[in-house]
2 protein chains.
Amino acid sequence: MTDTDNNSLPERKRGSGVKMVYAILRDEILDLVLPPGSPIDEVQLAERFKLSRTPIREALVRLAGEGLIDTLPNRSTMVSNIDFLNLHTFFEALVLMYRVTTRLAAQNHRPEDLSAIRGFHEDYAAAVQSRDALAMIATNAAFHAAIAEAGRNPYFTGLFRRLLDEGRRILRLYYQSYEEQFPQRFVDEHAEIIAAIEARDVEAADRLGKAHAEQIVEQVQKLFTRNNKLEIDL
Amino acid sequence: MTDTDNNSLPERKRGSGVKMVYAILRDEILDLVLPPGSPIDEVQLAERFKLSRTPIREALVRLAGEGLIDTLPNRSTMVSNIDFLNLHTFFEALVLMYRVTTRLAAQNHRPEDLSAIRGFHEDYAAAVQSRDALAMIATNAAFHAAIAEAGRNPYFTGLFRRLLDEGRRILRLYYQSYEEQFPQRFVDEHAEIIAAIEARDVEAADRLGKAHAEQIVEQVQKLFTRNNKLEIDL
DNA sequence: TGTATTTTTCTTGTCGACAAATAAAATACA
DNA sequence: TGTATTTTATTTGTCGACAAGAAAAATACA
């Protein structure tokens, strides 16, 4: 965990350091390369990225702002835990944002939005075909983020992106233990959603978005209860 | 603007500097002491707070994370502008969050929440009585934030707080040019909302929250169009 | 006089070092 | 041997300084 990618170019532009550290750390957290509770050591990161502690620190402040890491004053910093006890609040917010963003996309999308959405739709279908669970997680999130962007409400897309990030962590946690997969059904639902958006059928988009979200939540909850049962059985 | 409060104690605890700078700057931005577009100079702030640039910088990174300031790479930093062209997206999100948080409060509140809510309700009524517009803005936001907390969904409360902050800026902008006031009607509506929450009447809470939000949005919009007309007339 | 190029100025981004705060280790004492 | 106290070690928070980038000013040139 100490020396994974030291082969990065020693030539870096001024100001790119923070962004790079932020992006890499963010991905490692969301992909559970850094699992919840992992200690974050500034000095270690400074050595790894060959930077001083200052830009590392700035990246950490940003991550803390998004709730991805927790900082104990004067003491350690660690990757924030997933609050399993309050998962229902996460699902609650997720379902509503699925609904709202799909509805707004039907209302406000422009032609160019649809091609972006269709692109991610195809990526997702390909991931399902090849049974690549991690690709499914990523492309599904990208698909819905694109729909949210087409809805053109930055307040909603902001919250939704955060929820999708957190979902990426939760799903990854699950899929690393069990080789489950999203069913073909989700691909079909995505196609229906696209059709509703294109037809500017606001009510249908709302309904489909809600149903789709509830499907996903239900599946995740099913997987989790099974997961917990197995853990208890050990 | 250079030497407003230099009379702060020279004794500061380690780590309190960032929080202090963050809190003060945040308030100054939301109260329009620092209007949109104001340049933010790190060196100047460092002198003002008698700190080095490092903690100032950390506070600024946080503020940027919340969208309160905009940073041009390698160049200036300034208080973020209010996007008047897309105010409707703001109102859209605000109304939905009013609804959702009020609904959830009716569902999930605990006895101790109600006393907090009632406290802010009385503060608001007092502000209306004394025709103190700025106090109305602040206490109204606090009232609804308390309701959101009672709803116990951190994702919603997070977004809602940001919206209330932005609303504080918008209203302040308005109320500094015209001595308008929130009508007594809002006090009554607040009382109705409290009653619905206490009775755990979820549907009524939802309906009242929505209606209340729309009232506020309508009033603000009315004020703005009048404002704009006057400006055009000049 | 107007435009292109160089120089200067000013602000930011990064660095290495030091001091405070806390935890861990070591010592004293019963 | 077990607890309280001191000492050491480790990590964070802050500092002052320096260099890179970009705008503004100054200069050269037509």
Side-chain angles (χ1 to χ4, degrees), chain A residues 1-3 6 8-26 29 34 37-80, chain B residues 1-2 5-6 8-26 29 34 36-81:
Chain A
M1 201 186 292
T2 53
D3 47 359
N6 291 7
S8 50
L9 326 175
E11 325 216 6
R12 247 183 271 92
K13 284 162 218 154
R14 179 190 167 84
S16 72
V18 176
K19 271 185 223 157
M20 175 201 180
V21 174
Y22 167 80
I24 292 180
L25 250 44
R26 179 172 175 281
I29 292 172
L34 295 173
S38 303
I40 304 275
D41 183 32
E42 296 177 1
V43 179
Q44 205 168 310
L45 289 173
E47 287 172 7
R48 172 177 164 195
F49 292 106
K50 301 196 171 149
L51 290 168
S52 85
R53 276 177 50 226
T54 312
I56 304 288
R57 223 140 189 290
E58 183 172 329
L60 294 183
V61 170
R62 286 206 217 169
L63 291 169
E66 296 178 26
L68 292 178
I69 63 176
D70 287 335
T71 302
L72 291 254
N74 276 319
R75 214 67 216 142
S76 64
T77 300
M78 49 184 245
V79 177
S80 66
Chain B
M1 201 185 291
T2 53
D5 46 356
N6 291 8
S8 49
L9 325 174
E11 326 216 4
R12 247 184 268 93
K13 283 162 218 154
R14 180 191 166 82
S16 72
V18 177
K19 270 185 223 156
M20 175 200 180
V21 174
Y22 167 81
I24 291 180
L25 250 45
R26 180 173 175 280
I29 292 172
L34 296 174
S38 303
I40 304 276
D41 183 32
E42 296 176 2
V43 179
Q44 205 168 311
L45 289 173
E47 287 172 7
R48 172 177 165 194
F49 292 106
K50 299 196 172 148
L51 289 168
S52 86
R53 275 177 51 226
T54 311
I56 303 288
R57 224 141 188 291
E58 183 172 330
L60 293 183
V61 170
R62 286 206 216 167
L63 291 169
E66 297 178 25
L68 292 179
I69 63 177
D70 287 336
T71 303
L72 291 257
N74 275 321
R75 214 66 215 144
S76 64
T77 300
M78 49 183 243
V79 177
S80 65
N81 287 308

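In what follows, every chain begins at residue 1, and chains take the letters A, B, ... in the order their sequences are listed.
- As rounded to whole Å, 10 Å separates atom P of D:dT12 from atom CD1 of A:Ile40.
- Here D:dT14 is the nucleotide among C:dT14, D:dT12, D:dT14 with the atom lying nearest to any side-chain atom of B:Thr54.
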What protein N or O atoms touch nucleotides 6-9 of chain D N or O atoms at under 3.5 angstrom, if any, and at what distances?
none

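- Between A:Ser52 and C:dT14 there is no side-chain N or O to OP1 or OP2 distance below 4.0 Å.
- Between B:Leu51 and B:Val21 the shortest side-chain heavy-atom distance falls below 4.5 Å.
- Secondary-structure annotation of DNA chain D gives the stems C:1-30 with D:1-30, with a stem taken as at least 3 successive Watson-Crick or G-U pairs whose two distances both fall under 3.5 Å.
- In this structure, B:Leu60 reaches neither bases nor backbone, as no heavy-atom distance under 4.0 Å exists between it and the strands shown.
- Whole-Å rounding puts the B:Lys50 NZ to D:dT14 P distance at 17 Å.
- From A:Arg14, atom CZ reaches atom CG of B:Asn74 across 5.0 Å, with rounding to the nearest 0.5 Å.
- Contacts of B:Thr54 classified as side chain to side chain contact (heavy atoms under 4.5 Å, CB included), with partners at least two apart in sequence or in another chain: B:Ser52.
- Closest approach of B:Leu25 and B:Leu60 over heavy atoms only: CD2-CD2, 3.8 Å.
- Partners of A:Val61 under the side chain to side chain contact (heavy atoms under 4.5 Å, CB included) rule, at least two apart in sequence or in another chain, are B:Glu58, B:Val61, B:Arg62.
- Straight-line distance from the CD1 atom of B:Ile56 to the P atom of C:dT11: 15 Å, rounded to whole Å.
- Among the protein residues, B:Leu72 comes within range of no part of the nucleic acid, since none of its heavy atoms lies under 4.0 Å from any strand.
- Under the side chain to side chain contact (heavy atoms under 4.5 Å, CB included) criterion, B:Arg53 pairs with B:Glu42, B:Val43, B:Ala46, B:Arg57, not counting sequence neighbours.
- Remark on DNA chain D: of its neighbouring residues A:Arg14 and A:Asp41, the 5'-side contact belongs to A:Asp41, judged by nearest-heavy-atom nucleotide.
- Looking at every heavy atom in both residues, A:Ser80 comes nearest to A:Gly67 through OG-O, 2.9 Å.
- Residue pairs meeting the side-chain hydrogen bond (donor to acceptor under 3.5 Å, both in side chains) criterion with at least one partner in residues 15-25 of chain B, sequence neighbours excluded, are B:Tyr22-B:Glu66.
- One interatomic measurement links the two molecules: CZ of B:Arg53 to C1' of D:dT14, which rounds to 13 Å at whole-angstrom precision.
- Contact annotation for B:Glu58: no contact, since no heavy-atom pair falls under 4.0 Å across all strands.
- Between A:Lys13 atom NZ and D:dA19 atom C1' the separation is 18 Å, expressed in whole Å.
- Across the protein-nucleic acid pair, B:Leu45 atom CG and C:dT11 atom P stand 12 Å apart, rounded to whole Å.
- Residue whose closest nucleotide on DNA chain C sits further toward the 5' end, between A:Asn74 and B:Val43: B:Val43.
- Atom OH in B:Tyr22 sits about 21 Å away from atom C1' in D:dT14, given to the nearest Å.
- With a 4.5 Å cut-off on side-chain heavy atoms, B:Ile40 and B:Leu45 count as touching.
- The nearest whole Å value for the distance from the CD atom in B:Glu42 to the C1' atom in D:dG21 is 14 Å.
- For the pair B:Val18 and B:Pro55, the minimum side-chain heavy-atom distance is below 4.5 Å.
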